[in-house]
**Q** 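So that we are looking at the same thing, I have put the structure below in structure tokens.
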Amino acid sequence: MKAFGLRPRLFAALILTSAVTLVVAAAALLSPLEQRLRTDGQQAVYNAMDSTRPEFEEVNIDPATNRPSFSELTHTAIALRQRSGGQVTILNNRLETVYSMVRLDLNVPDFYAEARRAEQTHKRAAALRGGALIAAQPMRVGPRHERYVVVVKRRLDYVSSSFHTVQNAFIAAAGAGFGIALLLGIALTTTLLRRLERLRDATRELEQRGLDAPPPNDQGRDEIGELARAFAAMQTQLRRQETARRAFVATASHELRTPLASLHGMLELLEEDLDSEHLDLEDARERTTRAREQSRRLSQLASDLLDLSRLDAEIELRREPLELGEICRAVAAEFDLSAAERHVHINIKPPPSPCWAAADPGAVARIVRILLDNALRVGPANSSIDLEASANEHWRRLTVRDRGPGVPADERDAIFERFTRGSTTGSGGGFGLGLAIGRELATRMDGALELLDSGGDHGASFSLRLPPAQVNVDELADQ
Ligand SMILES: Nc1ncnc2c1ncn2[C@@H]1O[C@H](COP(=O)(O)OP(=O)(O)O)[C@@H](O)[C@H]1O
Ligand SMILES: [Mg+2]
């Protein structure tokens, strides 16, 4: 057991809580109980004395002795004994015993002090002596209201015996409760700690064996179960990411190898041509063109891979006011030459008013380039490509529409994945990275890159949606 591990701490807390509960309960219950039992006993005696007062007053005079009737006095004393539960002795005002239930010669009376006090003060006097309550009460007897003192002696032993009974019961109950709490505590901490240990082992396993280690399995419906499930989910997610990363690296190196190999082959052939006696210039020129095309593709791939790795490294994109009509014109101008080569016209539809989006200018230009590049590749000769910026209440939109064959329905999602090319690739292919990069960039700017429904028309429409910029138009006009 570790000195400050969870188990000793839980135990200490459990024992402390139980002990404090018991002590507080004992203090709150047991000590007032004894006091209470004692005052109750006392009060019962006083009540009994008060209630017999009228009966003493009604005792008649015995004509034979001219004193209060002894038999009636006895009768009242017996009633008092029954009510108070104590021994009753009646004394006259000279403190001579008139009636006693016990033989006073055997039982040395110990109540004279109280009796005297009662007689002198005309008030009830009481004392606790030797575990007994002695209460002396002045009493008027008979029609002549003669002064007597009635003494009741009641043992209060039952108080301490009741108290001890309760105390014993309390100790037994407390002991049982304490034991049960301890057993429950042991059971609970053992299972909890075992589950935590399993979780710890799973973590260590992960550390040693990597992501393929078995994930922790805990079906508990409590916090530890949740922790284990979160842990397993995290591991699954990490494994998925790791698999994707490996696949990406593998595909990327494969994609790099193919054009490199063909570049290498072409250069070799060119070298042979140069070494041969009769150099076929036409042939050599064609090989050089093809080699240059391969190297262009390679540098394209390199820049795509760089883009992707930047995106994966979560490089911050800028967020600044950007006029979409302006950026359309700028990027379209870059394509003037290749569009002319293909006899395709890029038709820029200017927005009715400046269309400000909050975005990263470099990223938006990159996306427009990706879309225009694709559109140019699939668009038939003598067709046109529409490039349009538009705005509504919530969004700024940039749409690129071509007159090519469009995207088959079953490829609409797949073409946005990395290294995935569709069936329509047009002349001179890329590596299936353009749309993946575009979508990632758009998402990172809180926008979206979507393939719009062409609604039966020929061609494909891709749309870049961006959040609007809060610009003060006057301010910009002043600049
Ligand atoms: N304008 C378009 N018309 C038809 N299909 C397109 C268009 N743009 C993209 N695609 C499809 O999406 C695929 C993925 O595009 P992209 O990610 O740019 O990769 P790449 O251009 O290297 O093929 C393309 O291979 C093509 O099949
Ligand atoms: Mg492309």
Side-chain angles (χ1 to χ4, degrees), residues 244 247-248 251-259 262 293-312 328 331-332 334-335 338-339 342-349 363-388 397-444 448-465:
F248 177 70
T251 321
S253 35
H254 176 77
E255 295 287 348
L256 274 170
R257 227 178 354 233
T258 320
S262 83
E293 170 60 12
Q294 286 301 341
S295 88
R296 187 197 62 76
R297 288 194 67 208
L298 272 174
S299 72
Q300 176 66 41
L301 178 59
S303 92
D304 285 356
L305 289 178
L306 193 64
D307 273 354
L308 280 177
S309 76
R310 280 212 196 99
L311 284 172
D312 288 345
C328 284
V331 179
E334 298 172 14
F335 283 82
S338 48
R342 289 162 200 263
H343 305 287
V344 172
H345 176 62
I346 300 178
N347 182 17
I348 300 172
K349 295 184 169 178
V364 173
R366 179 87 169 91
I367 297 172
V368 178
R369 260 179 231 128
I370 288 168
L371 296 179
L372 276 181
D373 178 62
N374 285 349
L376 269 176
R377 250 189 298 130
V378 297
N382 299 316
S383 67
S384 64
I385 294 170
D386 294 334
L387 186 52
E388 183 180 5
R397 207 182 264 284
L398 230 164
T399 315
V400 179
R401 195 154 82 88
D402 62 61
R403 303 289 188 283
V407 182
D410 57 343
E411 292 177 2
R412 292 179 67 92
D413 293 326
I415 56 170
F416 286 97
E417 280 164 26
R418 293 178 181 191
F419 294 113
T420 308
R421 310 192 67 197
S423 47
T424 321
T425 50
S427 54
F431 295 88
L433 290 175
L435 292 179
I437 294 173
R439 175 163 275 187
E440 185 83 30
L441 285 171
T443 314
R444 294 275 293 280
L449 178 60
E450 304 153 313
L451 169 60
L452 299 182
D453 220 345
S454 57
D457 277 359
H458 226 48
S461 298
F462 285 88
S463 144
L464 169 65
R465 189 150 55 87

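All values below come from the heavy atoms of this structure, side chains included, with hydrogens, waters and symmetry mates left out. Both counts, for ligands and for their atoms, begin at 1 and track the order of listing.
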**Q** Consider ligand 1: state whether an atom of it lies below 4.0 angstrom from any non-hydrogen atom of Thr420.
**A** yes
**Q** Give a yes or no answer on whether the side chain of Asp402 reaches the backbone of Ala460 with a donor-acceptor pair at less than 3.5 Å.
**A** yes
**Q** Just going by heavy-atom distances, which of Leu451, Thr424, Leu376 is nearest to atom 10 (N) of ligand 1?
**A** Thr424
**Q** Which heavy-atom pair separates Ala442 from Ile367 by the least distance, and what is that distance?
**A** N-CD1, 4.0 Å
**Q** Below 3.5 angstrom, do we get any N/O pair linking Glu411 and ligand 1?
**A**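 N/O-N/O distance below 3.5 Å does not exist for this pair.
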**Q** Does Arg297 come within less than 4.0 Å of Asp304, counting only side-chain N to carboxylate O?
**A** no
**Q** Side chain or backbone of Phe462 under 4.0 Å from ligand 1, or both, or neither, by non-hydrogen atoms?
**A** side chain
**Q** What atoms in ligand 1 come closer than 4.0 Å to a heavy atom of Phe431?
**A**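 Selected atoms, number and element: 22 (O).
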**Q** Does ligand 1 have any atom sitting under 4.0 Å from a heavy atom of Gly404?
**A** no
**Q** State, to 0.1 Å, how close Ile370 and Gly438 come at their nearest heavy-atom pair, and which atoms those are.
**A** CD1-N, 4.0 Å
**Q** State whether the shortest distance between N or O atoms of Gly422 and N or O atoms of ligand 1 falls below 3.5 angstrom.
**A** yes
**Q** For ligand 1, which atoms have a heavy atom of Arg377 less than 4.0 angstrom away?
**A** 20 (P), 21 (O)
**Q** What atoms in ligand 1 come closer than 4.0 Å to a heavy atom of Leu435?
**A** 9 (C), 12 (O), 14 (C), 15 (O), 16 (P), 17 (O), 18 (O)
**Q** From atom 9 (C) of ligand 1, work out which of Asn374, Asp373, Leu301, Asp402 has a heavy atom at the shortest distance.
**A**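 Closest candidate by heavy-atom distance is Asn374.
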**Q** Between Val378 and ligand 1, which part of the residue brings a heavy atom under 4.0 Å of the ligand: side chain, backbone, both or neither?
**A**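 Side chain only.
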**Q** Under the side chain to side chain contact (heavy atoms under 4.5 Å, CB included) rule, collect the residues that match up with Ser383, sequence neighbours excluded.
**A**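 Expected list: Val344, Pro380, Arg403.
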**Q** Let me check something: any side-chain donor-acceptor pairs from residues 405-414 under 3.5 Å, sequence neighbours excluded? List them with distances.
**A**
{"unit_1": "Glu411", "atom_1": "OE1", "unit_2": "Ser423", "atom_2": "N", "d": "3.1"}
{"unit_1": "Glu411", "atom_1": "OE1", "unit_2": "Ser423", "atom_2": "OG", "d": "3.4"}
{"unit_1": "Glu411", "atom_1": "OE2", "unit_2": "Ser423", "atom_2": "N", "d": "3.1"}
{"unit_1": "Glu411", "atom_1": "OE2", "unit_2": "Ser423", "atom_2": "OG", "d": "2.8"}
{"unit_1": "Arg412", "atom_1": "NH2", "unit_2": "Leu451", "atom_2": "O", "d": "2.9"}

**Q** Measuring from Ile348:CD1 to Cys328:SG, what's the distance to the nearest 0.5 Å?
**A**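 Output value for this atom pair is 6.5 Å.
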**Q** Taking the six-membered ring of Phe431, is the NZ or CZ of Arg421 close enough (under 6.0 Å from the centre) and on axis enough (within 45°)?
**A**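 The answer is no; the distance or angle limit is not met.
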**Q** Could you list the residues that satisfy salt bridge (charged side-chain N to carboxylate O under 4.0 Å, His left out) with Glu450, not counting sequence neighbours?
**A** Arg397, Arg465
**Q** Would you please classify the geometry between the Phe419 ring and the Phe248 ring as parallel, tilted or perpendicular, with 30° and 60° separating the classes?
**A** tilted
**Q** Which one of Asp304, Ile370, Ile385, Val407 has a non-hydrogen atom at the shortest distance from atom 5 (N) of ligand 1?
**A**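 Looking at heavy atoms only, the winner is Val407.
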**Q** Could you please give the number of protein N/O/S atoms within less than 2.8 Å of the Mg ion (ligand 2)?
**A**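 Near the Mg ion (ligand 2), the number of protein N, O or S atoms below 2.8 Å is 1.
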**Q** Would you call Asp312 and Arg418 a salt bridge, using N to O less than 4.0 angstrom?
**A** yes
**Q** Are the side chains of Glu388 and Leu398 in contact, using a 4.5 Å heavy-atom criterion?
**A**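 A side-chain contact is absent here, since even the closest heavy-atom pair is not under 4.5 Å.
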**Q** Between Gly438, Gly406, Pro405, Gly434, which one has a non-hydrogen atom sitting closest to atom 4 (C) of ligand 1?
**A**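 The residue whose heavy atom sits nearest atom 4 (C) of ligand 1 is Gly406.
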